[in-house]
Structures are given as C-alpha cells and as structure tokens.
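Read through the structure below, which is laid out as structure tokens, and then see the notes.
Order of the sequence lines sets the chain letters (A, B, ...), proteins ahead of strands, with each chain counted from 1. Reckoned from all heavy atoms, side chains included, excluding hydrogens, waters and symmetry mates.
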Amino acid sequence: MSIDAAGLLAWYERERRDLPWRDPAVSAWQILVSEFMLQQTPVVRVLPIWLDWVARWPTPSATAAAGSAEVLRAWGKLGYPRRAMRLHQCAEVIAEHHGDVVPADVETLLTLPGVGSYTARAIACFAYGQWVPVVDTNVRRVVARAVHGLADAASPSPKRDEEEVAALLPNDASTPMFSAALMELGALVCTARAPRCGVCPLSSCAWREAGYPAGTAKPKRVQKYAGTDRQVRGRLLDVLRDSTSPVTRAQLDVVWLSDTAQRDRALDSLLVDGLVEQTRDGRFALCGEGEG
DNA sequence: TAGTCGTGGGG
DNA sequence: TCCCCAAGACT
C-alpha cells in the first residue's frame, strides 16, 4: 500500500502551521538551526528561541564568532544543551571548511557535528529541495499505520526506514512538500496519543481498514527525570547561565543537597562534555566564557 | 543495541 | 499526581 499523495498535499496546503523556518526566504543555515532545536523538542518551545537566534547570528560565521558560553545562554532552557555546543561546532566547521555555506549533499552533511541521519536529510530536502527520504518519528508512525496497519512503528532502523520511505516518495518536484506533509500529519493528526482519525485526509489507511488494532510492541521504558543526573545537570547549568562571572563550588553545591555523590558526578560529566570549565582559581564557568 | 542526554505541557 | 511525549544524536 502507498500513501495518498494528493489528499495529503491538499490537506497540508490547507492545515499546515505557519512556521517561520518554512518561509522560502529562510537560509539553509537557519533551517539547520531549526532542525537542531527541534530534535526531541516541541515546536512551541523552539519558536521564540529560533527567532531571537537567527536575528542575532544569521550565518555560520556569525555563530562561530560568538563564544560558546553566549551560545549556551541563548539556548536557555530548550533542553539537551549538548545540542547547542554541537551547533556551535557545526558553525565553526562550515565557516572554516565550507566557505560559510551549508553543504547540500547528505554525505557531507553527515560529517558535521550533531547532524545525524534525520537532520542531514531534512536539510538536503527542505533547504535544497533534493529528492531524499526524510524519516523522523512522525514519518515512521504514519507509515507504520497507513502502510502496515500497525499502531506503532518498530524500533528505528535508519537504512531500512529510509529505503521504505524512498519507495513512497513522489517522483516529482513535490517531494519536499510531501515529506513536510507526512511529518505535519504525524504531528497534528496521526499523533502518538489520541490520534484524530476523524479528520485524517488519507483516502486509505491500513490501520483504519484493519479496525485500529492495538499495538503489540513492548512498552519502551520511559526515562524518569526527577532525581536523575540530568535534573542535577540542568540545575547546575541554570546557575552558570545566570552568572557572567565564574561561580564557586559552594554556589553550585546548594542546588542539590540530597545526594552529594550524584551532584559531584553530574558536575564532572558537564566538565567531560565540555559544557563547563574550571578556572585556574578553582571556580566554574560555562565553557568558552570570555570568548567571542 | 540500549542507555544517556533537558525541559515543560497536557491527558 | 504521575506519566507520556516532543522534527535525534551519540556511544
């Protein structure tokens, strides 16, 4: 079974969200920035950060010229701050080795820090209009349901997933819009929880035709957040983002009093990740403080 | 391959 | 309240 491209595209024209990075005037770099920010992060939280970001640093070289500490501050509480460091590194590589132009081919894109199988293809497709499959969690879910009649996608397998989606793509200039529409359908209608099948534009869906069978996949264990090292890291970084001068160990210690071993482990991991650095006098700061 | 890595909103 | 989830990458 294939996907009803005509129905999908008509629905997309009608219902698509008016997201700023979809404006045709937006540069490949700014699309790349949006893709980094959107990794595992809802659109509504990315919007304000992205708007400020591209106004402040519109090009890779402008981003590279900023210090990584300022980049981490601009990232704010978007989450997964290692993405901000990788975005900064990505800007440096593009500025230094690619003439300040985002590469257009998937192979080269895959060499960039923080660019994996999804992001490389999203840039090639949405920024450069290339015929390449773009497979994110939304696309995998839509295909699992509409094509295979399954409630949930199997565990990701990039090569296999991309081959399968490639076979569904239209062989014309509508490919980028088709991929954007598949993702949009997964985000707005064919959602993970409480899908809105009553308003689905697809003329055929294997899952619907099978009577919406429940999923059989074993429930993937959801990772807790409260009490984890990630929460401790978040609190430590919060202190460092709010201070333009290095802070003492004591100023960091107060954010996590219940488990000192865990607190030490979290701080050490931030140092290892290159998000935090220690000054010669033993205080702590965001990495790259004073640069840029 | 499975675990790690933030954060906050909604059911 | 608690739990699930949101345009993944990396090890």
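Residue-level contact check: A:R265 touches neither bases nor backbone, having no heavy atom under 4.0 Å from any strand. Within 4.0 Å of A:R233, counting heavy atoms only, lie sugar-phosphate atoms of the nucleic acid but no base atom. Using a 4.0 Å heavy-atom distance criterion, A:S155 is classed as making no nucleic acid contact. Nucleic acid contact class of A:A194 (heavy atoms, under 4.0 Å, all strands): none. Residue contacts shown for A:L237 are absent, as no nucleic acid heavy atom lies under 4.0 Å away. Residue contacts for A:P81: at a heavy-atom cut-off of 4.0 Å it reaches the sugar-phosphate backbone alone, with no base atom in range.
The base of C:dG8 is not paired with the side chain of A:T41 by any donor and acceptor separated by under 3.5 Å. Donor-acceptor pairing under 3.5 Å, judged by distance alone, is present between the side chain of A:R45 and the base of B:dT7.
Salt-bridge annotation for A:E289 and A:R283: absent, with no side-chain N of the basic residue lying under 4.0 Å from a carboxylate O of the acidic one. A salt bridge does not link A:E35 with A:R83: every distance from a Lys NZ or Arg NE/NH1/NH2 to an Asp or Glu carboxylate oxygen is 4.0 Å or more. For A:R249 and A:D253, the salt-bridge test passes: some basic side-chain N is under 4.0 Å from an acidic carboxylate O. A salt bridge is defined here as a Lys NZ or Arg NE, NH1 or NH2 lying under 4.0 Å from an Asp or Glu carboxylate O, and A:E184 with A:R22 meets this definition. Taking 4.0 Å as the cut-off between side-chain N and carboxylate O, A:R233 and A:D273 count as a salt-bridged pair. Remark: A:R160 does not engage A:E163 in a salt bridge, criterion side-chain N to carboxylate O under 4.0 Å.
Taking 4.0 angstrom as the limit, A:R141 places none of its side-chain polar atoms (N or O) nearer than this to OP1 or OP2 of C:dC5. Taking 4.0 angstrom as the limit, A:Q39 places none of its side-chain polar atoms (N or O) nearer than this to OP1 or OP2 of C:dG8.
Toward the 5' end of DNA chain C, the nearer of the two residues A:M183 and A:R86, judged by each one's closest nucleotide, is A:M183. Residues A:R193 and A:G76 both approach DNA chain B. Their nearest nucleotides, taken by heavy-atom distance, put A:G76 toward the 5′ side.
One atom, CE of A:M85, and another, P of C:dC10, lie 15 Å apart when rounded to the nearest Å. Note: CD (A:E162) to C1' (C:dA7) measures 14 Å, nearest angstrom. Residue A:R73 contributes atom CZ, which lies 18 Å from atom C1' of B:dG6 at whole-angstrom precision. If you take OH of A:Y225 and P of C:dC5, they are 19 Å apart, rounded to a whole angstrom. The nearest whole Å value for the distance from the CH2 atom in A:W75 to the C1' atom in B:dC5 is 13 Å. Atom pair A:K224:NZ and C:dC5:P shows a separation of 13 Å (rounding to whole Å applied). Distance CG (A:N138) to P (C:dA7): 4 Å, rounded to an integer number of Å. A straight line from CE of A:M177 to P of C:dA7 spans 20 Å, rounded to a whole angstrom.
Near DNA chain C, meaning a heavy atom under 4.0 Å from it, residues 19-35 of chain A has A:L19, A:W21, A:R22, A:E35 in order of number. Sorted by residue number, the members of residues 110-133 of chain A with any non-hydrogen atom under 4.0 Å from DNA chain C read A:P113, A:G114, A:V115, A:G116, A:S117, A:Y118, A:T119.
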Pairing annotation in dot-bracket form, given for DNA chain B with Watson-Crick or G-U pairs under 3.5 Å and | for cross-strand partners: .||||.|||||

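Tested against A:L275 for a side chain to side chain contact (heavy atoms under 4.5 Å, CB included), the candidates A:P81, A:S269, A:C287 yield a single pass: A:P81. Partner A:W11 forms a side chain to side chain contact (heavy atoms under 4.5 Å, CB included) with one of A:D4, A:L202, A:V199, A:V189 and no other, that one being A:V189.
On the P atoms, C:dC4 is 16 Å away from B:dG3, given to the nearest whole Å. A gap of 15 Å separates the P atoms of C:dA7 and B:dG11, to the nearest Å. Nucleotides B:dG8 and C:dA9 are separated by 23 Å at their P atoms, to the nearest Å.
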Chi angles and distances behind the salt bridge (charged side-chain N to carboxylate O under 4.0 Å, His left out) call for A:E164, A:K159: CA-CA 9 Å; A:E164 177 170 21; A:K159 183 172 170 57; over 6 Å; no

Salt bridge (charged side-chain N to carboxylate O under 4.0 Å, His left out) assessment of A:D238 paired with A:K77: CA-CA 8 Å; A:D238 217 14; A:K77 304 198 75 167; 3.4 Å; yes

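Considering only heavy atoms from C-beta on, A:D105 stays 4.5 Å or farther from A:L109 through its side chain.
The nearest pair of heavy atoms linking A:Y80 to A:R230 is OH-NH1, 3.4 Å. Taking all atoms of both residues into account, the shortest heavy-atom contact from A:L271 to A:Q278 is CD2-N, 4.0 Å.
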